Amino acid sequence: MLQYLYCLHFCNRLSLCLFFFLPQICTQPSITPFSGTTSASVAPKYVYTPLNCLKDGTVVNLYGIVKFFKPPYVSKGTDYCSVVTLVDQSNVKLTCTLFNGNLDSLPKIYKNGDIVRFHRVKIREYNGQMQGITSAGFASLTFDGTVGAPVVPRASSKVYTFIDEEQKTVEELRIWAASNLSVSGPEAKLSDVKPMMFFDLTCQLVGKAKVDGSSFLLKVWDGTKCPYPTWKVPVEAKELEGDRVLLHHLRNLTVDVLVYDNHVQLAKSLKIGSFLRIYSIHTKQASAKNEDISSHIEFHLHGGTCYGRGIGILPENNPDVEELKTISILPCSAFCVVCAPVCLSGFVCLHDKDVKKENNSFLISDLESPLQRCQQLSATVLTDHQDMSNTMLKTVLNNRAPQQYRIRAKLRSFKPQKLYQSVKLHCSKCNTLQEVPNGDAFDVILQGCEATAPNPELQSMSWYESVMWTTQDENRRKITIHFVKHYEMLQRPENTLLMIEGGTLKEIWKLTRRFKCVIPVKSKEDDLELLDLSAPFLLQGNIKYYGCKKCSTPKSIKNLSSLAEKREPSWEPTEIAQVLGIEPLQYVFVMKFTLVDGTGALNAYLFDYEKFFQIPASEILTNSFLQQKMEMTMNTLSPPGRKLGKKSNDSINSHVECSDV
DNA sequence: GATTAGGTTTGG
């Protein structure tokens, strides 16, 4: 529980009242932090030793900036090993050699410049220099070293203490590092590689294959294209793991990285689709033995761990991963590559779709199940329909439907002009479309709930643990949070589903930043229940999930416990909807395009969940970056001089709902 | 219960 409340605290201090509430909870003796003593009121005050004051044979606690590190690798003994060199304001360096049999217990360092807090490091003298080494109970926290970034620890243990004062320590180290250290790493994108270099690559794993006993192949991609021809490592087809369709689509974008020796074991264990940082990859120009064969670039991760050579697994919420995901779904190339600037060949080429004739109009629908995002990479997809020749609109109009065409036309106009109006909610059961409720409507429903007092008898049941408090402002609101447990234990916040009673819109959004799922509920006599279905039944990340009022038959909230009992609850919105008896509504783009090519005018209706703009419709209302992308796409498609009226008023940016909360 | 590695690249 303590951990949860700290997390709430990290989540930008949910509210002052919750902040004040924190010490009260900490005094409950049953909740004992592993690293602390019996209660937070007498929490141990950890003392941190500056790096210039270390003495041989002592065990100390340290703070430092990562100057160098080797991501955890399999040692020749029984453990994983990670070597980390720290520096602090004293400008003294300390190299620590850390061992643990459990990968997760080593610091989660992703780049130089990260800030770490080590507890219980043993100091020894080695070769005339101080050296740090793991001692019993070693624990670490790692923080992003970027000035101004949220101070959110990546912990190596489930329970830890982190007090307000320490946030300041982290911020001070960040500021000191910013002006005193240059930690620019050798990062590069595939689009920037040169024939002879060592660099760190942040990428996604698309395929992998055994090559021989001492080497292993990773097929990776980082959303950009290497400007040189790259080598393809020959492997037996049966050894290649990964989605065949995806591997084929991305065949000109993925690069083959051959990893050797000590890296093979880790490489084998990597999951397809995971995000990686491969440290100190070596690019090598293949010697052109035969002049007929143009030389290509090879990517090697040599054996050994010099210069931090190795492979790190990045979590989905890593900022560089977030960036990678965004870059990878840039839509523009789909429209520009083949027939820029205003040709719509991408329009038809991008999807295999049914074209139905209705009153001289064509419905362009995309009702396939959503594909993995990386599968939507645009540039390669266009090649798939090159066997189809273009058809004039006159011919399309005169022919019977349904038929598939590839057309080349200008976009004369489109509706709606206010792009945010193109986002609707669709029920696939009753096939109705409805407007996305705005945030105010949700707020009104939440305010309506304030009158319903939380029922004390519904607190802390077998499958959830509850905390309740009263706000300190004049409203004296009662807020209750029910944390759903997993095997009678609380999970990490990022995996936790919680239910909230009495929170405001703002408080709920803040919780969604830190916790996996938030379900607004209210107390009934003998059970908690969902709010009116005009409100979202679930919030996850930036997305509000709504249910169809007509097709849903809400079931008891207790059914959530069946999902919590799964080995690893995934908390998929569709599963949650199912157990709660909700028919989920899907976000969809609905637009009308009028296309002309000199032989006729054709209305084409777009009905698309995410493929056309390569943007999920569910994310567009809360992500200003994606909104800009969508606008750029429409600007590309729409002829110059006929753009969307006055930009700031008409554009989708005017409909930012909660991205800044 | 000790050991692992102890920063500094390039081969396949």
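Every value quoted in this text rests on a predicted model; they were computed, and no experiment measured them. Proteins get letters first, then strands, A, B, ... in listed order; numbering begins at 1 in each.
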- request: Pick the P atom in dG6(B) and in dT10(B), then give their distance to the nearest Å.
  value: 14 Å

query: Start at the 5' end of DNA chain B and walk down; is the nucleotide closest to Lys70(A) or to Pro186(A) reached first?
result: Lys70(A)

field: Within residues 311-320 of chain A or reaching into it, pairs that qualify as salt bridge (Lys or Arg N to Asp or Glu O under 4.0 Å) - sequence neighbours excluded
entry: Lys111(A)-Asp320(A), Arg277(A)-Asp320(A), Glu316(A)-Lys325(A)

- prompt: Base, sugar-phosphate, or nothing: which does Gly304(A) touch, judged by heavy atoms less than 4.0 Å apart?
  reply: nothing

- line: So CZ of Arg174(A) and CG of Asp114(A): to nearest 0.5 Å the spacing works out to 9.5 Å

- prompt: Base, sugar-phosphate, or nothing: which does Asp261(A) touch, judged by heavy atoms less than 4.0 Å apart?
  reply: base

- request: Please list, in 5' to 3' order, the outermost nucleotides of DNA chain B lying under 4.0 Å from any heavy atom of chain A.
  value: dA2(B) to dG12(B)

- request: Would you indicate what Leu258(A) reaches in the nucleic acid, counting non-hydrogen atoms under 4.0 angstrom: base, sugar-phosphate, or nothing?
  value: nothing

field: First encountered from the 5' end of DNA chain B, between Thr78(A) and Ser280(A)
entry: Thr78(A)

message: Classify Tyr73(A) by what it touches in the nucleic acid, base, sugar-phosphate, or nothing, heavy-atom distance under 4.0 Å.
response: sugar-phosphate

field: Pairing of Lys108(A) and Asp104(A) as salt bridge, 4.0 angstrom limit
entry: yes

- prompt: Side chain of Thr58(A), backbone of Ile123(A): donor and acceptor closer than 3.5 Å?
  reply: no

- prompt: Aromatic ring centroids of Trp231(A) and His300(A) under 6.0 Å?
  reply: yes

message: Between Phe143(A) and Phe162(A) (judged by ring centroids, cut-off 6.0 Å), do the two rings come close enough to count as a pair?
response: yes

